[in-house]
Amino acid sequence: MENIEKQVREYAKKLLADGTVDVVVGYEGGTLPFQTTPCFITDPDDAKRLVWNRFCSVNLAKYVHDIIFGHKESQKRAKPEDRTKKKVGVIARGCTTRSLTIHLQEKQYDRDQVVIIGVPCAGFVANKKMSVAVDGKEVIACSVVGDSLSVQTKDGGKDVPLKEVLADNCLTCRFNNPIISDVMIGEAAPPMPDVEKEYEEVEAFEALPVDERWAYFTKEMGKCMRCYACRNTCPSCYCKVCFIEQNQPKWVGVGIDETDTQVFQFMRMFHMVGRCVDCGSCLEVCPMGVDLRKFLKKLDKDDFQLFDHRAGEAMESAPTLSVHSEDDKEAFIFEP
Amino acid sequence: MEKRVIKKDALAGIIKKMAESTLVYAPVREEDNLLFKVLEKGMEPLLDFDNAKNAPKNFFFPQTEVMMRYMRTERGKELSTGEGEIQEAVLFGVRPCDARSFVLLDNLFNDPKYKDPYYIKRREKTTIVSLACVHPPYTTCFCTSVDGHPLSSEGADVCLIDLGDTYLAECVTPKGEDLLKKMGDLPKADQALEAKKQELSDAAEKEVNGAVPAHAIKAWLDENFENPFWDTIHKSCLACGTCTYLCPTCHCFDITDEVKKEDGRRIRSWDSCMSWLFTVETSGHNPRTSQKERWRQRAMHKFKYFVDNFDAIACVGCGRCVMYCPVNIDIRKIVTDISKL
């Protein structure tokens, strides 16, 4: 991993120095031991700030979209001939490239506006799982040593097997290597351990009686405080104005009424059909630990099993909701 | 000031008994979250805990609150008050930083000129029992940099200090004295306990990890509304409401009308300067065009505007925004960076 980090820095520096890109989006070290923070390098000499480790969690595709769109907005008043294109370099693992693919499929920007620095990925450490592993104590220091995570709290040190603290979406990830890239750094990563168990959790949930499923849904949504961190970190949530903030007409109340929260969450989820790459960003950023994945994964499973599609798996695999064919399955509409 | 002693193993029982007849808010564990909640039957109040994830401001300044209701009838409009009667309540287990947040919020909601009846009524009817930080719970704590102290009783009606086998209960206000009377016949504290408290207080102060130059940046903020520094904070910001919603002192709100056929209600709900919607005008124009301006507002509001208005920094150093920011934007670092400019 250190080696990949080194190469990433070198490559980013080169891209910036020769003017191939205006900015490189990556991760840098944070102020807390288990945190990295997205960073935006414009000066080649700053490329040494870039890190690549097990704490790089947030999906950076969101920022690529934001930067390109922000630039587009700023160009609106320029004469057409004076308009420039922003070129963004991005450190991208499998899920990030799937999100970029979705952006490209949905014509958000052109392929030549993004330079994808592909990195192999072996999964990131989920903050919440790490916190549970140390009984909610504050993590004072932590580091990855081989296959385990060494965590320090004020009660002492503890070694936790890495597999126990890797994000659930990483453990079952089938796309831990980039789908598309302009350069690939390092060797391809080996498959993740639980790929075949991808839908196990969803299947177990599906098997529950409907009232139990509803009870779980209402319990989980009851935790939500509507900070919208999930939506804001999601690369597929790029609407200029989200339905939740529209007020002509107003779709959802602004308060914390139980039903309003539920409507926000399931409406957002429905917008994710065939567009959720299971990157785990929404779970990782949620301050209240809402289990969104249970429901998003169900949509992912339906997308795959009914429409033979996986979000962002390939440029030529058109998004489910963007195509229609006569033999599309529809039984689920009548017999949910 | 009355001082009493409460046996450590008796406290949980006292609180639970109190909850049978009074509304009690206390920190409880809910799955993996530690939260301030209404203590209901069968719930266990936490005594040995770090701090709750949510700030207790919610009990005085709810995330959503009905201010009034209106109904259109044949005779015209009928108005009624929002919620029912506001009950007497006890807020238990507040950390000194959070207790201090109420003093700060009082400045705003109970200003001599502008009184907020919703907040004031709840505040008057609630007795606050704080639990001093004999050991400051987090490395991200920085209360001492923003005029707080881990053993301070500011903002509390009763302050409990863990002395090992017992709690020293200090009454700070008459409201606190009334509450202690209700707890039964508690023995008076002697001089020796007072000395022990002082010892703990000194040790706890040294344990607070961070020193943030919060006061030192005011002069810079006064002069630098426009400065390239403001370009350096916001880029990674997700514009979510985590920092503002978990913050004990953030108090911006929005007022909306929700109408269903003939019935309407006017609700006040938390707003967040991190949201693009924060200052959008009816015309569609937004004076804060990007996250940069929104972040400047957050920093300025806490360390300049509030100081200008009320002579106090609007931050209590609880560290929640530091711990829970999804992308690790750290207010301690921002303040420190500004102090070096």
Side-chain angles (χ1 to χ4, degrees), chain A residues 23 25 27-40 55 57-58 62-63 66-67 70 73 127-129 131-132 136-141 154 219-220 222-223 225-234 240-242 245 247 250 253-257 260 281 284-289, chain B residues 29-35 49-50 53-54 58 62-66 135 137-141 209 235-246 254-256 258-260 265 267-272 274-277 280 289-291 319-320 322-330 332-333:
Chain A
V23 56
V25 186
Y27 305 91
E28 68 177 328
T31 61
L32 300 176
F34 49 88
Q35 279 269 32
T36 60
T37 182
C39 71
F40 309 87
F55 305 104
S57 53
V58 175
K62 172 227 157 49
Y63 295 102
D66 280 5
I67 291 169
E73 283 290 307
N127 281 346
K128 268 137 235 155
K129 286 174 89 174
S131 172
V132 170
K137 292 277 171 227
E138 187 195 15
V139 175
I140 299 170
K154 64 183 170 196
K219 172 179 78 77
E220 286 303 311
K223 295 179 192 170
M225 58 169 186
R226 291 184 69 174
C227 69
Y228 305 140
C230 50
R231 178 199 65 184
N232 293 6
T233 195
C234 178
K240 253 188 178 170
V241 179
C242 174
E245 277 142 357
N247 56 10
K250 188 152 113 184
V254 295
I256 45 159
D257 188 277
D260 284 333
S281 251
E284 197 55 20
V285 301
C286 175
M288 306 314 279
Chain B
R29 185 167 290 285
E30 219 180 51
E31 296 187 12
D32 299 329
N33 285 336
L34 209 152
L35 300 168
F49 65 102
D50 293 336
K53 194 176 263 184
N54 59 344
N58 195 29
Q63 182 160 3
T64 318
E65 163 173 42
V66 180
H135 297 292
Y138 304 108
T139 55
T140 49
C141 291
N209 229 36
K235 286 185 186 135
S236 61
C237 180
L238 294 175
C240 75
T242 303
C243 52
T244 53
Y245 285 4
L246 297 183
D254 190 23
I255 294 173
T256 343
E258 292 196 331
V259 185
K260 249 185 223 158
R265 50 180 209 156
I267 59 171
R268 157 158 94 177
S269 42
W270 291 352
D271 206 341
S272 169
M274 294 292 108
S275 159
W276 70 272
L277 210 57
V280 177
T289 47
S290 78
Q291 208 57 22
R320 284 185 180 89
V322 178
M323 282 186 281
Y324 301 114
C325 174
V327 291
N328 192 213
I329 298 177
D330 191 329
R332 298 171 304 170
K333 184 174 181 293

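The model shown is predicted, which means the values in this text are computed figures rather than measured ones. So that the names make sense, note that chain A is the first sequence line, chain B the second, and so on, each numbered from 1.
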Rounded to the nearest 0.5 Å, what separates atom [atom1] in [X] from atom [atom2] in [Y]?
X	Y	atom1	atom2	value
A/Thr31	B/Lys333	OG1	NZ	8.5 Å
A/Gln35	B/Cys325	CD	SG	7.0 Å
B/Ser275	A/Asn232	OG	CG	8.5 Å
A/Lys240	B/Trp276	NZ	CH2	10.5 Å
B/Leu246	A/Met225	CG	CE	4.0 Å
B/Ser290	A/Glu73	OG	CD	12.0 Å

| said: Between B/Leu238 and A/Val285, is the side-chain contact (heavy atoms from CB on, under 4.5 Å) condition met? List the steps. | reply: CA-CA 9 Å; B/Leu238 294 175; A/Val285 301; 3.9 Å; yes

| request: Heavy atoms only, distances under 4.5 angstrom: which of A/Lys219, A/Lys128, A/Lys137 has the most pairs with chain B? Name it, please. | output: A/Lys219

| said: Counting heavy-atom pairs under 4.5 Å with chain B, which one of A/Lys62, A/Arg231, A/Lys250 comes out on top? | reply: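 Answer, by heavy-atom pair count under 4.5 Å with chain B: A/Lys250.
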
| task | Identify which part of B/Arg268 has an atom lying under 4.5 Å from any heavy atom of chain A, answering side chain, backbone, both or neither. | result | neither

| query | Side chain, backbone, both or neither: which part of B/Leu34 has a heavy atom under 4.5 Å from chain A? | reply |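 Neither part.
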
Counting only heavy atoms closer than 4.5 Å, note whether [X] contacts chain B via side chain, backbone, both or neither.
X	result
A/Ile256	both
A/Phe40	side chain
A/Lys223	side chain
A/Val58	side chain
A/Ser281	neither

Would you indicate whether the side-chain heavy atoms of [Y] and [X] approach each other to under 4.5 Å?
X	Y	value
A/Val254	B/Glu258	yes
A/Asp66	B/Lys235	no
B/Glu31	A/Glu220	yes
B/Ser236	A/Tyr63	yes

So which heavy atom on [X] is nearest to which on [Y], and how close?
X	Y	result
A/Cys227	B/Thr242	SG-OG1, 3.6 Å
A/Glu138	B/Thr140	OE2-N, 3.7 Å
A/Leu32	B/Val322	CD1-O, 3.4 Å

| request: Could you tell me whether B/Asp50 and A/Lys154 make a salt bridge, using a distance below 4.0 angstrom between a side-chain N and a carboxylate O? | output: yes

| said: Let's test your reading of the structure: which of B/Ala239, B/Ser272, B/Ser269 forms the most heavy-atom pairs below 4.5 Å with chain A? | reply: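 Max contact count across the listed options: B/Ala239.
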
| said: I'd like to know if the side chain of B/Asn328 and the backbone of A/Thr36 have a donor-acceptor N/O pair within less than 3.5 Å. | reply: no

